[in-house]
*Asks:* 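The structure follows.
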There are 2 protein chains.
Amino acid sequence: MRRPDETDSEFLRTYDPDAYERPSVAVDVVLLSVRDGRMCTLLVRRKERPQAGRWALPGGFVGIQESLESAAQRVLRAKAAIEDNVFVEQLYTFGEPERDPRMRIISVAYVALVPFELQATAGSAEPDRSVSTVGIPWHGATGGAVELRDSDGRIMKTAFDHADIVGMAVKRIRGKLDYTPIGFQLLPETFTLRQLQRVHEVIQDQPVNKDSFRRRMLASGHLEATGERQRDVEHRPAELYRFIKRSAV
Amino acid sequence: MRRPDETDSEFLRTYDPDAYERPSVAVDVVLLSVRDGRMCTLLVRRKERPQAGRWALPGGFVGIQESLESAAQRVLRAKAAIEDNVFVEQLYTFGEPERDPRMRIISVAYVALVPFELQATAGSAEPDRSVSTVGIPWHGATGGAVELRDSDGRIMKTAFDHADIVGMAVKRIRGKLDYTPIGFQLLPETFTLRQLQRVHEVIQDQPVNKDSFRRRMLASGHLEATGERQRDVEHRPAELYRFIKRSAV
DNA sequence: AAGCATATATGCGCAATGCATCTAACGCAA
DNA sequence: TTGCGTTAGATGCATTGCGCATATATGCTT
């Protein structure tokens, strides 16, 4: 499929690929987690110009023979020590001509969801603390730029249009939450219904009715009771569940 | 905002933008309409190699100082004679290294929705009939490649990965239909509830309950009765409605 | 004038949701 | 050991939205 026919191959030898000036293409990854009742994302302090010192999403240029997916995975491995088992989805492509002062850079943004524990270990492995997580404040319906703050509540200066990219990521995940089972991506392999509910509440920034949430989740067929229960909690321990892929209907 | 500071400007003079080999970036537009109870999209017969003779989405390379949105609008104007008032939304970016045999071309796909009447007049204005509309057959849940057929039901050979792009567009629009008012984008300025229902049925490929559809639409606050009614129909004429943007809550 | 086709309104049963109540199971302190 | 606080999890009920059936309205056609 999609293989050029004979005459096409002839043609390709004479085709001039330099007819147009080309932009650079990069990927940026929004690595979202939920920590202490807030959303957070991984940012890297820029060491080089332009905008040295500002906080940027982990990213990198796309190799000339590298797929966009692979580039995103590579960035995750290199800058966040995150392996391939996490949820990664293409988000949006940002291409305003002036978004980077160096040159025309078109950035294909990806969202990844990981349990905070993974992101924390990845971050602490970085000795120079250039990796940090930030909370995302929550003004109702989002979609535009977002204010990013460090753990002390101070606003972090973000690079380029990366605050817009994070805003778009939050909007996307919030929208998907209602009709796609992705909340569990932000939790350990086994989790309680209460924990899952809190994830939903944080993402939507509004309380969720406990009973109907339980009913919906259990009726969805995506959850499977493990038979295990919580340990060392000061109250009745809750059942631990596991996500299961629903077989094709 | 996002303006480089003094030291950055200095740095930019010495920055070498040619450190990486760069891909070409293009936009392709899926121009969807509903005609005779089927979805259809605009395809252009390729005159040049590679894949001359195959049917492709209207598209073009992104200018080095042109935003992605502008490029999509330019393609719509040039190849479909469609003006700016239509719904256009970025869809997905396709970047497999081998998707185009010429060279690495990353394509940012857009979806546009227009009433079929507009697409028809645009197509007929093209004298060489290189512009055509096709129906999209419907195998349940979509997302992957799609078979495209001409008005006689013959399968049309599509170029590159454009059948995948159309599949993605259909999936996106189908998904958005439930929680976003976009169906009216495929209808004239005033329309009956029945026409809107048919649009929904075609996009979802399943019948919609008439009464609850009416109730939902009227309760949504997006529709406004014009006071006018259909003319020259063989039965009781239906009220004509108009879409209204709901004021911000 | 009669008939036909579709629009529009109304009433009812079912299923999902929100809410309140009740019981179960753990740690903790006296 | 016993009582208490806390959260899990189950049950019952009112409300809401939806599917479905029915009845009426209003145009055109013959």
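Each chain gets a letter, A, B and so on, in the order its sequence line appears, and its residues count up from 1.
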*Asks:* Pairs under 3.5 angstrom, nitrogen or oxygen only, protein versus nucleotides 15-18 of chain C, please.
*Replies:*
from	atom 1	to	atom 2	distance (Å)
C:dG18	OP2	A:S212	OG	2.1
C:dG18	N7	A:R215	NH2	3.0

*Asks:* Could you check how far CZ of B:R214 sits from P of C:dA9, rounded to whole Å?
*Replies:* 6 Å

*Asks:* Apply salt bridge (Lys or Arg N to Asp or Glu O under 4.0 Å) to B:R74 and list each qualifying residue two or more places apart in sequence or on a separate chain.
*Replies:* B:E66

*Asks:* Who are the side chain to side chain contact (heavy atoms under 4.5 Å, CB included) partners of B:K176, not counting sequence neighbours?
*Replies:* B:E89, B:R172, B:Y179, B:T180, B:I182

*Asks:* Got a sec, which residues hit side chain to side chain contact (heavy atoms under 4.5 Å, CB included) with A:Q195, two or more places apart in sequence or on another chain?
*Replies:* A:L187, A:F191, A:T192

*Asks:* Under the side-chain hydrogen bond (donor to acceptor under 3.5 Å, both in side chains) rule, collect the residues that match up with B:S33, sequence neighbours excluded.
*Replies:* B:Q119

*Asks:* Output the rounded distance in Å from CG (A:L193) to P (D:dA10).
*Replies:* 9 Å

*Asks:* Rounding to an integer number of Å, can you tell me how far B:Q195 CD sits from C:dA7 P?
*Replies:* 10 Å

*Asks:* Could you state the atom-to-atom distance from CZ of A:R198 to C1' of D:dA8 in whole Å?
*Replies:* 13 Å

*Asks:* Of all residues at least two apart in sequence or in a different chain, which pass the side chain to side chain contact (heavy atoms under 4.5 Å, CB included) check with B:A112?
*Replies:* B:V29, B:L31, B:L76, B:V88

*Asks:* Between D:dT11 atom C1' and A:K210 atom NZ, what is the distance in whole Å?
*Replies:* 13 Å

*Asks:* Without decimals, in angstroms, what is the distance between A:Q230 CD and D:dT6 P?
*Replies:* 17 Å

*Asks:* Do you know which two heavy atoms are closest between A:G59 and A:K79, and how far apart they sit?
*Replies:* O-NZ, 3.1 Å

*Asks:* Residues in salt bridge (Lys or Arg N to Asp or Glu O under 4.0 Å) with B:R154, at least two apart?
*Replies:* B:D150, B:D152

*Asks:* Across nucleotides 23-30 of chain C, 5' to 3', mark each nucleotide with B, S or - according to how protein heavy atoms within less than 4.0 Å reach it.
*Replies:* -BBBS---

*Asks:* Counting only pairs under 3.5 Å, give me each side-chain donor-acceptor contact of residues 225-240 of chain B, with atom names and distances, residues two or more places apart or in other chains.
*Replies:*
from	atom 1	to	atom 2	distance (Å)
B:T226	OG1	B:E228	N	3.0
B:T226	OG1	B:L240	O	2.8
B:R229	NH1	B:P237	O	3.0
B:Q230	OE1	B:A238	N	3.1
B:E239	OE2	B:G227	N	2.9

*Asks:* Check side chain to side chain contact (heavy atoms under 4.5 Å, CB included) between A:M217 and all other residues, then give those that pass, not counting sequence neighbours.
*Replies:* A:L193, A:L196, A:H200, A:F213, A:L223

*Asks:* Rounding to an integer number of Å, can you tell me how far B:F191 CZ sits from C:dA7 P?
*Replies:* 15 Å

*Asks:* Bend angle of the helix from C:dA1-D:dT30 to C:dA30-D:dT1 from five-pair axes at both ends, rounded to 10°?
*Replies:* 0°

*Asks:* What pairs with A:R77 under salt bridge (Lys or Arg N to Asp or Glu O under 4.0 Å), at least two apart in sequence or on another chain?
*Replies:* A:D84

*Asks:* Could you pull out the closest heavy-atom pair between B:V146 and B:G167, with the gap in Å?
*Replies:* CG2-CA, 3.6 Å

